[in-house]
Amino acid sequence: MQIPSKYDASQVETKWYNYWMKHNYFHSEPDDREPYTIVIPPPNVTGVLHMGHMLNNTIQDVLIRRARLQGKNACWVPGTDHASIATEAKVVAKLKEEGIDKNDLSREEFLKHAWDWTHEYGGVILEQLKKLGCSCDWDRTKFTMDGDMSEAVIKVFVDLFNKGLIYRGYRMVNWDPEAKTTLSDEEVIYEERQGNLYYLKYKILNEDGSPPDSYRDSEGLGEALTIATTRPETIFGDTAICINPNDARFKHLKGKKAIVPICNRVIPIIEDDYVDMEFGTGCLKVTPAHDENDKNLGDKHSLMVVDIFNDDASLNSFGLHYQGKDRFVVRKEITKELEDKGFLVKTESHINKIGTSERTKAIIEPRLSDQWFLKMEDLVKPAIKAVLGENSEIKLFPKKFENTYRHWMENIRDWNISRQLLWGQQIPAYYYGDGKEDFVVAETIDDALKLAKQKTNNQQLTTNNLIQDTDALDTWFSSWLWPISVFDGIRHPENKDIKYYYPTNDLVTGPDILFFWVARMIIAGYEYKGEKPFENVYLTGLVRDKQRRKMSKSLGNSPDALKLIEEYTADGVRVGLLLSSAAGNDLLFDESLCQQGKGFGNKVWNAYRLVDGWDIDDTIPQPNSSKIAVDWYESKFQKMLLDIEDHFSKYRLSDALMTIYKLIFDDFCGWFLEMIKPEYQKPIDAKTFKSAIAIFENNLKIMHPFMPFLTEDIWHYIAERTPEEALIISKWPEPKSINESIITEFEFASEVISGIRNIRKQKNIAFKDAIAFSVINNEKAHATFDDVIIKLVNLEGINYVSEAVDGALTFRVKSNEYFVPMAGSVNVEEEIKKLTDELNYTEGFLKSVQNKLSNERFVAGAPEQVIANERKKEADALAKIETLKTSLASLG
RNA sequence: GGGCGACUAGCUCAGCUGGUUCAGAGCAUUUGGUUUACACCCAAAGGGUCAGGGGUUCGAAUCCCUUGUCGCCCA
């Protein structure tokens, strides 16, 4: 088939993606081949493709396509997660626009809206992955809220509860008052904000409630002590004042009581060395309901807990006349009131770090609440050993993340797995009474009823007496099972899929979810399969813009993925993303990289157009230059193939790609095709053509994982192929022996060619004028490439001589001297200068080498190989000096 | 405040257990090219005290100490 002069990417991409789908190449079923499995890190079901996804999934596709070419049974399982917080927030916002308040809806009604939303927007991102060329097994697409997936999650919850690993605790949690849910520590972003330190006066009472005669505050005699706080609105929750027992300034306050301004609550003054004597006034107000450290103090000293906030962080009835007002409004207003009433001593500006919600950006409120926790202490042990142990079963790429992993795992805290949300798996705990322990945990309400009857000995209970916990499980509590549950390995641990595909091979994800997800999957893997979930973890860098900002939707600095593909082709974007993204290094995204990728595609396309345009004549013999060219490229290809394998084995995909890029661009297009190119409008011999096609096919194979569309397209122009012969399922090139000497000889020859080209250029000699050429072959260089040299720079021939040629321009490669006769146009002085410069340089070089060699300690201490190399350098330099001196003598 | 990591050409990065892969690659820049595959191209050139300082060594980008700057994670 005639190849078009321009590559029409969008048409080609659609055509071949459809073809691949139609012939089911992406689908995998267990068989007797070696499996190669990747599970996708499930993106948010309602998300859209951003640069991070593109990078991530390009890498996975490269790995999976390569495995497929290597004859493995490649299976890439795609899917999405339900992203409870993000999705619920979106649904709530949408309902709000329609004038519906989430709180007016029943759970079922809300979930219906959420499912509608999921069905409408869900899966968009998967369609976008197809545009990138991702060869996922779409028949296996999973969603964390699918029936079977949810069942697995619930089953695991019940199991862990029965093992005593899940418990209910009253804990200080990060409360997002906007989403009205709990966040894990990892979902809280700490930011420095400018705030104030308010100095408040608390009046003092004797233990019996009578006012003291006198006492000191930090400024001398007075009637009150002063406390610095950043949050004056929380005074309504104060239940103690704390001083450091070692603080001489406050000794007299021991055992006394204080009166909280405005609400006039009388609270004890306690002592604890937790208090920092340097900070503020050295007195701390204790608000156990609203600060983690205060909670600890409260527990230690058995203090009252007064929660002053509603779930939206407005004040409740403890806030008295501020009831119903937002915390920040109250902060302003109460400052005014405190000032008016003389309680506010002074205000200082103060920078403090505050937690904000990763999702809603709202300022986090520490809050006490009933939560479900998973005990991590024992679960984490096999997961630490697997990554950091002697014979680690799981490898992280790059290795530097092992330290990060260790640090987190060794300081792990119990995992708060409950979320005050509707969108997610509802916690399978059923309450039958008001007591703290009046609940049972079971997979179904019927099982729960049985358990409840047993526990209460009350046979009269019915399902109507059971109320299920209203919280949902953390989304990560679904995705930590992902490598198991996508193969239904929780519900049916012996099914053939899980037995064949598990453990999976590679996991590709961002380092930002090393803990949320990767570590937890490892934990779940050992707990539920007794085995690692994957062998290698490739941690990609974050994609940043040119100003080093993380690309995010909120900043609006992420380019539209599909537009990029449209502009630079899918292959171009893939290549652009991979070219400069070593594992674990952040990638500074620049569109020009995609341009380079597209340019590479164009180069390959045109290379094929060249080959395709040749007429073949099977009557003419193969020229020697072509034979050498084929031998050389085949060896070069094999050598690079080894390099590529090595890069892949270390997950250095950008290096593998760069090796391919240079092989194709420089060696194949720049050298090989020029060597075998027939004269203008002349045919090519059949033997060379056949070799060229075979070489081209091998090139396409190694390029295919990176540039699947273009390569498949050209593959089918080369020949009519059946579906069984498609490139996507062809065979990765077999390793063959390498002729190292021909590669070295080529390198020498290319320097000769370069020397001749320089002379042509200097003297403006048109290419079509053949030139005479002589050499004094001091190096005894092989003549293998002579015919190639003659062809590439259009020589009349190569004369081997033993004496310098008069009236010629010269250049040297090592100690070989080359002559291009140029009657009349040789400037002797210039030649002398050139030679003298070269001589001076070489003599300097020789001296440095000889200095080294005459250093006894060097000769005694350095390994033999190093000394031999130095001696070789010395010999080469001496030979070159000899050549230069001879030349100078003949000129001069 | 604690931990981890980085700093090499204008940019992005490679450089493994010190020594011919030791100062490299790609891009960018400059210069020159209408060679009928490709200007999304070809040929060539310039450009770095390897963050600063100190040490170990015959020899340090590489190992050690120290200072600085930046990033990430955790309080």
Side-chain angles (χ1 to χ4, degrees), chain A residues 3 5-7 185-186 188-190 276 292-293 353 355 398-408 410-413 511-512 514-515 541-542 544 546 548 550 568-569 572 575-576 579-582 584-590 592-614 643 646-647 650 652 654-655 657-659 661-662 665-666 669-670 673-674 677 679-681 753-754 756-758 760-762 764 766-768 792-794 849 851-873 876:
Chain A
I3 185 167
S5 66
K6 283 268 177 277
Y7 176 67
D185 289 346
E186 289 79 11
V188 177
I189 300 166
Y190 289 88
D276 180 356
E292 176 92 55
N293 298 312
K353 284 207 169 167
K399 208 173 157 54
K400 66 179 178 191
F401 284 106
E402 286 178 5
N403 280 335
T404 319
Y405 182 86
R406 170 180 292 115
H407 194 253
W408 195 74
E410 287 176 353
N411 296 289
I412 197 156
R413 291 191 250 166
D512 47 341
L514 182 59
F515 310 131
L542 297 174
R544 297 173 178 278
K546 275 196 200 160
R548 285 200 175 270
K550 189 171 162 177
Y568 299 108
T569 79
V575 168
L579 269 179
S580 81
S581 67
N585 275 337
D586 286 359
L587 166 64
L588 268 72
F589 183 75
D590 184 343
S592 67
L593 288 169
C594 295
Q595 184 53 50
Q596 197 186 342
K598 188 182 176 187
F600 185 36
N602 177 261
K603 184 76 182 173
V604 177
W605 181 257
N606 281 294
Y608 183 67
R609 288 215 301 137
L610 172 69
V611 174
D612 187 56
W614 289 332
D643 280 1
D646 184 54
H647 289 317
K650 293 170 182 153
R652 302 170 63 133
S654 60
D655 288 339
L657 175 57
M658 185 48 76
T659 304
Y661 182 90
K662 285 194 279 193
F665 224 116
D666 301 337
C669 297
L673 289 179
E674 294 301 329
K677 200 185 218 172
E679 275 179 66
Y680 184 51
Q681 288 192 333
I753 289 168
S754 191
I756 302 167
R757 280 180 179 161
N758 276 340
R760 273 193 180 277
K761 197 169 150 185
Q762 262 170 39
N764 267 325
F767 181 81
K768 58 176 193 271
L792 289 185
V793 286
N794 194 15
V849 173
N851 275 343
K852 222 188 235 186
L853 283 168
S854 59
N855 180 340
E856 274 172 41
R857 305 222 281 184
F858 170 74
V859 181
E864 222 169 291
Q865 184 58 43
V866 174
I867 295 168
N869 280 328
E870 291 301 315
R871 295 216 184 280
K872 172 113 187 11
K873 276 196 223 172
D876 286 351

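Every chain is numbered from 1, with letters handed out A, B, ... down the list of sequences. Every value quoted in this text rests on a predicted model; they were computed, and no experiment measured them.
Under the Watson-Crick or G-U wobble criterion, with both distances below 3.5 Å, B:U56 is left unpaired in every strand shown. Summarising the base pairing, B:U62 is matched to no nucleotide, lacking a Watson-Crick or G-U wobble pair whose two defining distances lie under 3.5 Å. With both pairing distances under 3.5 Å, B:G32 is matched to B:C42 as a Watson-Crick or G-U wobble pair. Summarising the base pairing, B:G68 is matched to B:C7 through a Watson-Crick or G-U wobble pair whose two defining distances lie under 3.5 Å. In this structure, B:C13 and B:G24 make a Watson-Crick or G-U wobble pair, each of the two defining distances being under 3.5 angstrom.
The separation between A:His647 atom NE2 and B:G15 atom P is 10 Å, rounded to whole Å. To the nearest angstrom, C1' of B:U12 lies 11 Å from CG of A:Leu579. B:G5 atom P lies 19 Å from atom CH2 of A:Trp408, rounded to whole Å. We find that CG of A:Leu593 is positioned 8 Å from C1' of B:U12, with the value rounded to whole Å. Atom-to-atom, CG of A:Asp646 to P of B:A14 comes out at 16 Å; the value is rounded to the nearest Å. Counting to the nearest Å, the P atom of B:C72 and the CG atom of A:Asn403 are 18 Å from each other. Computed from coordinates, the A:Lys400 NZ to B:C16 P distance equals 15 Å when rounded to whole Å. Following rounding to the nearest Å, A:Asn764 (CG) and B:U34 (P) show an atom-to-atom distance of 10 Å.
The side chain of A:Met658 lies closest to B:G26, out of B:C4, B:G26, B:U20.
In this structure, A:Trp614 and A:Lys677 have side chains that are in contact, with non-hydrogen atoms separated by less than 4.5 Å. In this structure, the side chains of A:Asn403 and A:His407 stay at 4.5 Å or more apart for every pair of heavy atoms.
For the pair A:Lys872 and A:Gln596, nearest-nucleotide mapping onto RNA chain B gives the more 5' position to A:Lys872. Residues A:Thr404 and A:Ser592 each lie close to RNA chain B; by heavy-atom proximity, the contact nearer the 5' end of the strand is made by A:Thr404.
Here the straight-line distance linking atom CG of A:Asn606 with atom CG of A:Leu673 works out to 11.5 Å at 0.5 Å rounding. In this structure, OG on A:Ser592 lies 7.5 Å from CD on A:Gln596, to the nearest 0.5 angstrom. Atom NZ in A:Lys603 sits 9.5 Å away from atom OH in A:Tyr661 (nearest 0.5 Å).
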(message) I need a per-nucleotide contact map over nucleotides 36-46 of chain B, read 5' to 3'. Cutoff is protein heavy atoms under 4.0 Å; write B for the base, S for backbone only, - otherwise.
(response) BBB-BSSBS--
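Between A:Phe515 and A:Trp408, the ring planes are parallel. Angles under 30° get that label, and only those over 60° would be called perpendicular.
Rounded to whole Å, the C1' atom of B:G19 lies 11 Å from the corresponding atom of B:U62.
Ring-centre distance between A:Tyr405 and A:Phe401: not below the 6.0 Å cut-off.
Contact record, A:Glu674 with A:Leu792: O-CD2, 3.5 Å, taken as the closest heavy-atom pair.
Glycosidic conformation of B:U21: syn, with the torsion inside 90° of 0. Anti is the classification of B:U29, since its glycosidic angle lies more than 90° from 0. A glycosidic torsion no more than 90° from 0 defines the syn conformation; B:U56 lies beyond that range and is anti.
The residue A:Lys768 sits apart from the nucleic acid: no heavy atom pair falls under 4.0 Å.
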